[in-house]
Amino acid sequence: KAGVTQTPRYLIKTRGQQVTLSCSPISGHRSVSWYQQTPGQGLQFLFEYFSETQRNKGNFPGRFSGRQFSNSRSEMNVSTLELGDSALYLCASSLGQATNEKLFFGSGTQLSVL
Amino acid sequence: AQKITQTQPGMFVQEKEAVTLDCTYDTSDPSYGLFWYKQPSSGEMIFLIYQGSYDQQNATEGRYSLNFQKARKSANLVISASQLGDSAMYFCAMREGHGSNYQLIWGAGTKLIIKP
């Protein structure tokens with residue numbers, strides 16, 4: 001079974017630009033959640049999608065948005081990039097049916113904003 | 001206030017020794033779950049072990065066990081017979097919320113280095 005796939009692996013953008021990150025979950029998983037990891041703030045929850053609907057949301061500004069397609073693949077978009085958006089963005093998938101489920105993570109997308 | 005506290009930023013341990021990584025948490029919710037994940041330098045988070053707040057016994061998964069002390073709000077990870085491949089960042093996380101409305105809150109992590 002293929003794992004969680006995130007593309008691209010690395011991205012370099014400049015301030016003010018927008019970026020779209022992609023996540024393909026494990027086959028059969030309907031929940032995809034996104035996390036931002038920085039040295040200063042650690043891991044922070046962005047949002048979770050389940051069956052194409054945003055089910056949970058963390059405390060991030062509206063510049064951060066996402067969506068999920070009917071095949072459970074998910075995209076995350078960040079508009080008007082700021083230097084502080086430089087981070088490792090991790091995507092995780094699960095069946096989404098029980099709160100004790102383990103999350104399966106991708107290797108992340110390393111975003112650098114110059 | 002920090003909800004998940006990992007007090008050890010880094011640890012050096014001799015290969016084959018047992019390791020205990022500390023994690024304390026803060027919640028007033030009687031229903032919660034605690035996870036430990038490992039993050040090698042490749043970046044991918046790898047699930048290690050889960051403990052539910054109502055679980056009577058400490059969780060175990062192979063070489064990993066969780067020393068769950070509910071009254072102390074402590075969920076320490078114990079790795080028996082450490083191996084060189086155990087060198088990585090280790091994160092403790094807590095699931096808060098109810099039903100489908102929940103999120104994981106993460107600790108700052110502990111960098112574990114196993115010495116040969």
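Letters A, B, ... are given to chains in the order of the sequence lines, protein chains preceding strands, and every chain is numbered from 1.
Hydrophobic clustering places Y25(B) together with L66(B) (ILVMFWY residues linked when any side-chain heavy atoms are closer than 4.5 Å, directly or through intermediates). The cluster map of Ile, Leu, Val, Met, Phe, Trp and Tyr, joined by side-chain heavy atoms under 4.5 Å apart, puts I4(B) and L46(A) in different clusters. Grouping the Ile, Leu, Val, Met, Phe, Trp and Tyr side chains by contacts below 4.5 angstrom, directly or via other members, places F68(B) with I105(B). In this structure, F47(B) is not a member of the same hydrophobic cluster as L95(A), with clusters built from ILVMFWY side-chain heavy atoms closer than 4.5 Å.
Inter-residue side-chain proximity for Q39(B) and Q37(A) is flagged as met; some heavy-atom pair is nearer than 4.5 Å. A heavy-atom distance below 4.5 Å is not found between the side chains of K102(A) and L48(B).
Other residues, nucleotides and ligands contribute only 12 or fewer heavy atoms inside 6.0 Å of the NZ atom of K16(B). A 6.0 Å sphere centred on CD of Q14(B) holds more than 12 heavy atoms belonging to other residues, nucleotides or ligands. Environment of CZ in R9(A): crowded, with over 12 heavy atoms of neighbouring residues, nucleotides or ligands closer than 6.0 Å.
Proximity to chain B (any heavy atom under 4.5 Å) is shown, for Q41(A), by neither the backbone nor the side chain. Looking at Y35(A), only its side chain comes within 4.5 Å of chain B, counting heavy atoms on both sides. Proximity to chain B (any heavy atom under 4.5 Å) is restricted, for L90(A), to the side chain, taken from C-beta onward.
F45(A) has its ring centre no less than 6.0 Å from the ring centre of W106(B).
Taking every heavy atom of both residues into account, E101(A) and F35(B) meet most closely at O-CE2, 3.4 Å.
Proximity of a side-chain donor or acceptor of Y37(B) to a complementary backbone N or O of L103(A) within less than 3.5 Å is detected.
Here S107(A) is the residue among S107(A), G108(A), G42(A) with the most heavy-atom pairs under 4.5 Å with chain B.
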